[in-house]
Amino acid sequence: VGTLKKKVSAEKELSYRDSHLELMRLPMEHPHHTERSNQYGQHNDDFISSESDRQVLLIKQQDEELDELSASVNRIGTVGLTIHDELLAQEKIIDDLGGEMDSTSNRLDFLQKKVGIVMKKAGAKGQIMMILFLVVLFIVLFILVFFT
């Protein structure tokens with residue numbers, strides 16, 4: 001790669017020298033020719049100047065767009081970190097809720113076993129009385145919850 005670079009730069013230099021020598025050999029005998037050459041030279045200088053200005057303007061616009069893009073990426077990064085923190089907090093809440101649900105489920109199972117034992121000991125008449133008591137309790141709780 002280095003050899004190729006040297007070769008290309010050497011060829012460019014030779015090409016530049018050859019074109020420079022060609023320009024030096026041009027006859028300068030006609031004043032009209034010199035005037036036209038100066039006119040072309042001025043036109044070329046104007047063109048190069050305007051292109052240079054245009055490129056500088058494009059580079060400034062690209063820099064501004066890159067600055068805006070950088071600011072957007074920073075904002076997105078900040079939002080991402082905030083979302084990460086929120087997800088960690090919600091994960092902790094869900095884990096706590098899961099633990100409480102397991103505890104409540106265990107207590108409910110224990111209570112159902114106790115109610116089953118009480119129902120067996122009470123007999124048929126006791127079961128009917130228990131059902132009536134629970135229905136009345138449900139109605140009272142329903143009234144308290146929805147009408148107060």
Enter the distance from [X]:[atom1] to [Y]:[atom2] here, rounded to the nearest 0.5 Å.
| X | Y | atom1 | atom2 | result |
| --- | --- | --- | --- | --- |
| Leu144 | Ile139 | CG | CD1 | 12.0 Å |
| Thr78 | Asn74 | OG1 | CG | 6.5 Å |
| Leu137 | Leu132 | CG | CG | 12.5 Å |
| Gln112 | Lys114 | CD | NZ | 14.0 Å |
| Phe146 | Leu141 | CZ | CG | 11.0 Å |
| Gln62 | Leu57 | CD | CG | 10.0 Å |

Check for me, please, whether [X] and [Y] land in the same ILVMFWY cluster - side-chain distances under 4.5 Å, paths through other members count.
| X | Y | value |
| --- | --- | --- |
| Val56 | Leu58 | no |
| Phe147 | Val136 | no |
| Val115 | Phe133 | yes |

Please determine, by modelled atom types, if Arg75 and Ser72 share a side-chain donor-acceptor pair under 3.5 angstrom.
->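 Indeed, the side chains of Arg75 and Ser72 share at least one donor-acceptor pair under 3.5 Å.
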
Can you tell me if Glu51 and Gln55 form a side-chain donor-acceptor pair at under 3.5 Å?
->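 No, Gln55 and Glu51 have no side-chain donor paired with an acceptor closer than 3.5 Å.
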
Taking the side chain as everything from C-beta on, heavy atoms only, tell me whether [X] gets closer than 4.5 Å to [Y].
| X | Y | value |
| --- | --- | --- |
| Leu66 | Ser70 | no |
| Leu134 | Met130 | yes |
| Arg107 | Leu111 | no |

Measure from the side-chain N and O atoms of Thr104 to the backbone N and O of Glu100, and report whether any donor-acceptor pair falls under 3.5 Å.
->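 Checked: pair present.
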
Would you check, one step at a time, whether the test side-chain contact (heavy atoms from CB on, under 4.5 Å) holds for Glu65 with Leu69?
-> CA-CA 6 Å; Glu65 289 173 3; Leu69 183 62; over 6 Å; no

Using the salt bridge (Lys or Arg N to Asp or Glu O under 4.0 Å) rule, take Lys113 and Asp109 through it: C-alpha gap first, then chi angles, then the decisive distance, then the call.
-> CA-CA 6 Å; Lys113 287 178 187 175; Asp109 288 343; over 6 Å; no

Given Leu87, Asp85, Leu81, the one that forms side-chain contact (heavy atoms from CB on, under 4.5 Å) with Ile83 |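 The side-chain contact (heavy atoms from CB on, under 4.5 Å) with Ile83 is passed solely by Leu87 among Leu87, Asp85, Leu81.
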
